[in-house]
Amino acid sequence: MRADKSSSPQPPGAMVIPTENAFRPRIDGNAGDEAGTLRILIVDDDPSLRRTFPHVLARPGRMFDECGSVAEAIVRLECQCYALILLDYRLPDANGLALLDWLSEHRRDEAVIIISGEDAIDAAIGALRGGADDYVRKPYHVAQLQRAVDGALHKGALERANTLMSQRLKDSERLHRYLVESSPDMIFTLDGSGRFTYINPRVRALLGYERSTLIKRPFTTLVMPEDIDRIDTLLSQPSSLPGESFNVELRLRCRREGGEGGNVTVSLTGIPMVTQQDDRRVVGLYGVARDISERKRAEEIISFQAYHDQLTHLPNRVLFKDRLELAIAQAQRRTGALAVMFIDIDRFKLVNDTFGHAEGDLLLRAIANRLSATLRRGDTLARLGGDEFTVLLPDINQPEDAEVIARKVLDALATPVALSQGEFRATVSVGVALFPRDGTTAEDLTRHADAAMYQVKRSGKNAFRFFDPSLNARHRDRIALENDLRNALARHELELFYQPQVSMAAHSIVGLEALLRWNHPTIGPIPPTTFIQVAEEVGLIGEISNWVIETACAQLASWQAGGQATPRVSVNLSACDFQRGDVVATINASLARHGITPDCIEVEITESLMMNDTADVAAKVRALRAAGISVAIDDFGTGYSALAYLQKFPVSTLKIDRSFVRDLEGPMTNPIISAITGIARGFELDLVAEGVENAEQADALRALGCEVMQGYLFARPAPADEALAWLRHPERLFHAAGVLM
Ligand code: C2E
Ligand code: MG
Ligand code: MG
């Protein structure tokens, strides 16, 4: 090869994206045309010889050009490449060596055979040194010339094939290098002792290291100390598992200007590199690390949200229950005791109503801080909601210990709390229940502590009291409620209300949520939040849910029979419906009985359902979807919304919880709603915002990418005949909401 312009290196720093053409092999030196013709140039001043050569050398695919001097030869070579030149040594304008020099200067590939009458060996040596491929002396045998020509052409063909091959190799190498070096993932190889042998430039953008500084350094220098043990085990393992790849989540250290700079969470896939030989020894590791910190952050925000109260950042009801159950199990094992305290702020409603919600929030935060400061490290203070707090004291020896702490709690509030509108002397009522004396389950202990607190309220507030079963009015209420609920269905006391879900973009009603109402004969309407849990605990929920499904289908059928086009109706199901009974068959039977198509129904489930998949809930969700029934996750964002669950449970809709909409002005909420809209978009799910009460919330939601809404702004839940009026005149909902059509 005399020249290869295509492989000249790229200017540093300019990674040009290779086009398809750049990787296509190039036929170097156009010695033959596409059809494989081989061109031979005869340079001889004897015209009779020039005529003879083509006769004796003719073969299929060979073409001959001829000329009589070096100058003419150069003219031809300037516009044509040849596979071979038959060159007379002695020519009228110069000797053959001059042409050899020209070829060499111009980095040409032509094979050259010198044909000469010179006797002197020097001429032959000079010619071969000058780059000729062969030397044939006149007079020659035809066979001898033919051999020399065949030989030179064969050699040329080999050279061209070789050039082509190495060009292809270079192109392929360049393509692979490009793929690796411009990968958005960090790609590296380690040697057998876990040291870097290669790392792609991504490491600089991702972690801030120059790659040259990492070569020969152990991989573990990049790993956060907490994760080193885990990765060490994996790095030492591949030798026992040749060919087995592994995948882990790791935190890698960042290096930023002026020293250390945090870390990045990556998902690392490691593939052991083994020798080609039979022994397949592990000689290193090939690794790909993908930056998943954004995903982690979204998950962390949502998961913190799931277990903590937004206002005080204290554990919420879910986390409290979890810790309490754990503490009960431990206390049972060591036959120890524990206490649950229920704390309710006295006259809190007064503060809220007189000074406004902002002051109320300030007071709640101040009290949360005071209470936290009085407790020990192992105790858990939680906010259940509103002005209710609970405390878990996991480690007490006798009731007096709990009494000491209860007094401390009361004392902690002796100093007034500074609110922006003046000082407020806050007091609390505290109820205490002890394990095992007052109960052995989390529910019982909390309920009994609550009952004790209630006693304090009734007898003058600002004190504490231990649970006393004989005075437990709430307890008695609960028993009565259970009994009444057992009869509610038979006495036709249940009713479905409907609330519209509207599309702001289409200005239409896209759904109706069916919400259960209990019209109690003496107490009056009882909200579902009060009695659904009771129904679940006493095992009535299955019957109630069947009634809800059946009633919703019957209602749809009746509307449709009256010629009314209907949107989808959503029904709320409880976790128990998925854990017992065959919810899919129940719904299908109701649909069939009323001649309703499955796309008319949506089922709302809660995130907690997805967490415990013992009864194969995922399969039931899949069966519902396969039957054409939509499935929504209700109150999304308040439970454990791990993205992994969304992959396993193929739901169709997310309902943004009311609490996020209510706090739309709050500092943490916009990122959360953005995260949820992002999740919905990513998983291609429908999105509905719940509890939209005013136009500002509606505008903010639209700006954040959620346009289907449900809430008092449009309509409160109402009986079926009112819902029919909305369906007939949806424009009235928008007028009422002050939304222009
Ligand atoms: P959900 O499914 O999240 O229903 C939405 C709740 O928010 C309803 O309360 C509704 O009246 C209320 N709501 C709607 N718009 C607004 C608003 O703009 N502001 C405010 N503050 N609230 C609004 P409701 O009817 O009291 O139902 C409470 C919960 O009871 C429901 O929450 C659902 O979890 C459960 N539930 C209702 N019906 C059934 C049912 O048939 N079966 C089961 N298992 N649970 C039900
Ligand atoms: Mg719902
Ligand atoms: Mg909801």
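Just the heavy atoms: all of them, side chains too, but no hydrogens, waters or symmetry mates, feed the values below. In listed order, ligands and their atoms are each counted from 1.
Residue Gln710 has no N or O atom closer than 3.5 Å to an N or O atom of ligand 1. Between Leu516 and ligand 1, at least one pair of N/O atoms sits closer than 3.5 Å. For ligand 1, none of its N or O atoms has an N or O atom of Ser545 under 3.5 Å away. Polar contact check, Tyr712 against ligand 1: a nitrogen or oxygen pair lies under 3.5 Å apart.
Near Val692, the atoms of ligand 1 lying under 4.0 angstrom from a non-hydrogen atom of the residue are 18 (O). Heavy-atom contacts of Val548 reach the following atoms of ligand 1: 41 (O) (cutoff under 4.0 Å). Ligand-side atoms of ligand 1 in range of Pro717: 11 (O), range being under 4.0 angstrom from any heavy atom. Against a heavy-atom cut-off of under 4.0 Å, Asp634 is close to the following atoms of ligand 1: 1 (P), 2 (O), 3 (O). Of all atoms in ligand 1, numbered sequentially from 1 with element shown, those under 4.0 Å from a heavy atom of Pro528 are 24 (P), 25 (O), 26 (O), 27 (O), 28 (C), 30 (O), 36 (N), 37 (C). Close approach to Glu604 involves these atoms of ligand 1, each under 4.0 Å from a residue heavy atom: 2 (O). Near Gln499, the atoms of ligand 1 lying under 4.0 angstrom from a non-hydrogen atom of the residue are 14 (C), 15 (N). Each of the atoms 44 (N) of ligand 1 lies under 4.0 Å from some heavy atom of Ser574.
The backbone N or O of Leu364 sits nowhere less than 3.5 Å from a side-chain atom of Asp387 that would complete a donor-acceptor pair. Checking side-chain atoms of Ser590 against main-chain N and O of Ile587 turns up no donor-acceptor pair under 3.5 Å. Remark: the backbone N or O of Lys648 is paired with a side-chain donor or acceptor of Arg622 at under 3.5 angstrom.
With a 4.5 Å cut-off on side-chain heavy atoms, Arg317 and Thr390 do not count as touching. Taking 4.5 Å as the limit, some side-chain heavy atom of Cys706 sits within range of a side-chain heavy atom of Ile656. In this structure, Tyr307 and Asp322 have side chains that are not in contact, with every pair of non-hydrogen atoms separated by 4.5 Å or more. Proximity of Glu707 to Leu701: side-chain heavy atoms (C-beta onward) are nowhere separated by under 4.5 Å.
Using modelled atom types, one finds no donor on one side chain facing an acceptor on the other under 3.5 Å when comparing Gln501 with Glu513. Residues Thr606 and Asp634 have side chains that never bring a donor and an acceptor to within less than 3.5 angstrom of each other.
The side chain of Arg658, and not its backbone, has at least one atom closer than 4.0 Å to an atom of ligand 1 (non-hydrogen atoms only; side chain from C-beta on). The residue Arg662 has no part lying near ligand 1, judged by heavy-atom distances below 4.0 Å. The proximity of Ile532 to ligand 1, defined as any non-hydrogen pair under 4.0 Å, is limited to the side chain.
Salt bridge status for Asp699 with Arg702: absent, with no side-chain N to carboxylate O gap under 4.0 Å. Under the 4.0 Å criterion applied to side-chain N and carboxylate O atoms, Asp309 and Arg383 are assigned as salt-bridge partners. A salt bridge links Asp344 to Lys457: one of the charged nitrogens lies within less than 4.0 Å of a carboxylate oxygen.
The shortest separation from a heavy atom of Lys655 to ligand 1 is not under 4.0 Å, leaving the residue out of contact. In this structure, Glu536 does not count as a contact residue of ligand 1, since none of its heavy atoms falls inside 4.0 Å of the ligand.
Ring centroid separation for the pair Phe342 and His448 does not come in under the 6.0 Å cut-off.
Of all N/O/S atoms in Asp634, OD2 sits nearest the Mg ion (ligand 2). Nearest N, O or S atom of Glu513 to the Mg ion (ligand 2): atom OE2.
The heavy atom nearest to atom 5 (C) of ligand 1, out of those in Gln533, Glu693, Arg716, Glu690, is found in Glu690. Of the listed options Asp657, Ile526, Thr529, Ile549, Thr529 places a heavy atom closest to atom 29 (C) of ligand 1.
Under a cutoff of 6.0 Å and an axis angle of 45°, Arg716 and Tyr712 form a cation-pi pair.
At least one N, O or S atom of Glu604 sits under 2.8 Å from the Mg ion (ligand 2). The Mg ion (ligand 2) has Asn572 among its coordinating residues (N/O/S atom, backbone or side chain, under 2.8 Å).
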